[in-house]
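Okay, structure first, notes after.
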Amino acid sequence: MSISARLPVFPWDRLEPYKATAVAHSGGAVDLSVGTPVDPVPEVIRQALTAAADSPGYPLTYGTAVLREAAAGYLRQWHGVTGADPAHVLPLIGSKELVGWLPTLLGLTAGDRVAYPRLAYPTYEIGALVARAESVTYEDPVAELDPAGLKLLWLNSPSNPTGRVLSVAELRRIVAWAREHGVLVASDECYIELGWEGAEPVSVLHPDVCGDSHEGLIAVHSLSKRSNFAGYRGAFLAGDPAVVADLLAVRKHTGMIVPAPVQAAMIAALGDRAHAVEQKERYARRRSALRTAFEGAGFRIEHSEASLYLWATRGENCWDTVGDLAKRGILVAPGEFYGPGGEQFVRIAFTAVDERVAAAVARLDDAA
Ligand SMILES: Cc1ncc(COP(=O)(O)O)c(C=O)c1O
């Protein structure tokens with residue numbers, strides 16, 4: 001059987017009819033369905049990309065030493081990962097690439113199991129399907145998972161789609177359990193900088209979570225949301241030296257290389273905090289306006305203390321909510337896309353320009 005035959009229908013195709021309805025609205029569509037950045041790529045990043053345009057030679061799969069130090073320094077400085085070591089960093093062609101391929105790159109196959117949250121970014125399941133491994137979902141991994149045959153445990157804090165954040169104590173408990181049972185933990189931390197309420201999100205590599213060792217752990221960081229970098233495709237992982245070395249060996253042989261100008265742009269992005277703070281402030285304003293408007297229109301928001309989304313319900317099937325909002329020209333993602341338990345929720349991204357967010361707020365206020 002071909003790999004594609006093992007995969008589900010691409011979920012976003014199912015949203016197309018609703019998109020057509022939203023686009024037909026007299027004021028145009030407000031697309032809050034996909035979390036794709038809409039603001040300009042910061043100047044400091046563009047300049048670095050352009051300056052590296054003359055890159056005729058093959059780049060290193062391992063990334064330049066400067067890039068790996070920029071990533072390790074970023075983890076040390078902004079996420080308190082005191083033990084971050086540039087030797088144990090690996091650049092990625094965006095983090096979706098790793099999520100989709102990690103089980104395969106690790107050599108997992110039929111009989112091996114991959115666990116991820118019950119409500120989750122769909123690509124964790126895809127990664128397991130591509131490798132022919134078995135998927136298992138969880139609410140609380142320690143309480144629910146049988147470690148037999150479990151080779152990989154995905155964490156995603158802050159979560160897509162719920163915005164839920166795992167506390168230091170929860171992370172510590174999960175890491176201790178996984179280490180006891182020899183299960184590799186991959187922590188998808190692509191929303192780690194986007195905390196809005198409550199405790200700041202913490203990396204699985206923070207010493208309060210994992211002690212002095214990164215054994216059995218990898219953290220995955222993406223520049224897509226923090227630095228409006230989604231179009232460039234740039235991310236990195238860091239963690240367990242043996243796992244990093246193993247992944248590097250496979251990636252070298254299979255050509256999974258970040259282009260040299262993108263590596264240069266990543267160095268600039270990781271070394272600059274001002275643009276990330278500015279971007280976060282933009283999202284904070286949009287989040288607050290949308291939250292007030294959706295609550296005013298009868299929605300209840302659950303979790304959503306971090307990430308780029310509001311996880312909202314009106315106590316009805318998600319497709320009814322999607323259909324109703326589409327008639328008002330507002331497109332959101334049905335919670336069903338993210339797994340069982342999402343059927344009565346929709347995911348509202350705050351990745352629309354201010355003018356479009358204001359249009360959505362006005363339409364919701366009119367209806368309230
Ligand atoms: C939880 C999660 N992981 C990974 C990704 C992939 O991000 P990228 O490939 O742009 O780094 C996304 C994108 O939305 C996501 O929501």
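Everything numeric here is computed off the predicted structure, so don't read it as measured data. One is the number of the first residue; the rest follow in order along the sequence. Remember, it's 1-based here, ligands and their atoms both numbered in the order they're listed.
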Do we see a donor-acceptor contact under 3.5 Å between the side chains of Arg164 and Asn156? no
Does any N or O atom in Arg233 lie less than 3.5 angstrom from one in ligand 1, N or O only? yes
Tell me, with the steps shown, if Tyr138 and Tyr116 meet ring pair (Phe, Tyr, Trp, His ring centres under 6.0 Å). CA-CA 6 Å; Tyr138 67 80; Tyr116 50 87; 7.9 Å; no
For Phe337 and Trp12, I'd like to know if the aromatic rings sit close, meaning centre-to-centre distance below 6.0 Å. yes
Counting both backbone and side chain atoms, is some N or O of Tyr121 under 3.5 Å from an N or O of ligand 1? no
Which residue owns the protein heavy atom closest to atom 13 (C) of ligand 1, what's the atom, and how far is it? Lys225 NZ, 3.3 Å
Proximity flag Ala230 to ligand 1, non-hydrogen atoms under 4.0 Å: no
Side-chain donor-acceptor pair present, Glu189, Ser203, cut-off under 3.5 Å: yes
Atom 10 (O) of ligand 1 sits nearest the protein heavy atom Ser224 OG, 2.5 Å
Kindly confirm or rule out a cation-pi arrangement of Arg347 over Tyr309, judged by NZ or CZ under 6.0 Å from the six-membered ring centre and within 45° of its axis? yes
Cation-pi check for Trp101 against Lys96: NZ or CZ below 6.0 Å from the six-membered ring centre and within 45 degrees of the axis, yes or no? no
Does any N or O atom in Glu97 lie less than 3.5 angstrom from one in ligand 1, N or O only? no
Can you tell me if Thr313 and Glu302 form a side-chain donor-acceptor pair at under 3.5 Å? no
Checking contacts here: is it the side chain or the backbone of Asn156 that comes within 4.0 Å of ligand 1, counting heavy atoms only? Could be both or neither. side chain
Closest to atom 6 (C) of ligand 1 by heavy-atom distance, out of Ala349, Gly35, Pro37, Ser95, is Ser95
Considering distance alone, does some N or O of Lys96 sit under 3.5 Å from an N or O of ligand 1? yes
Taking the six-membered ring for Trp, are Trp154 and Tyr121 ring centroids under 6.0 Å apart? no
Suppose we measure from atom 3 (N) of ligand 1 to each protein heavy atom; which comes out shortest, and what is that distance? Asp188 OD2, 2.6 Å
Pair Ser227, His275: side-chain N/O donor-acceptor within cut-off below 3.5 Å: yes
Just let me know how Tyr124 lines up against ligand 1, side chain, backbone, both or neither, with a heavy-atom cut-off below 4.0 Å. side chain
Does Tyr191 have a non-hydrogen atom less than 4.0 Å from ligand 1? yes
What are the atoms of ligand 1, with element, lying closer than 4.0 Å to any heavy atom of Cys190? 1 (C), 2 (C), 3 (N), 4 (C), 15 (C)
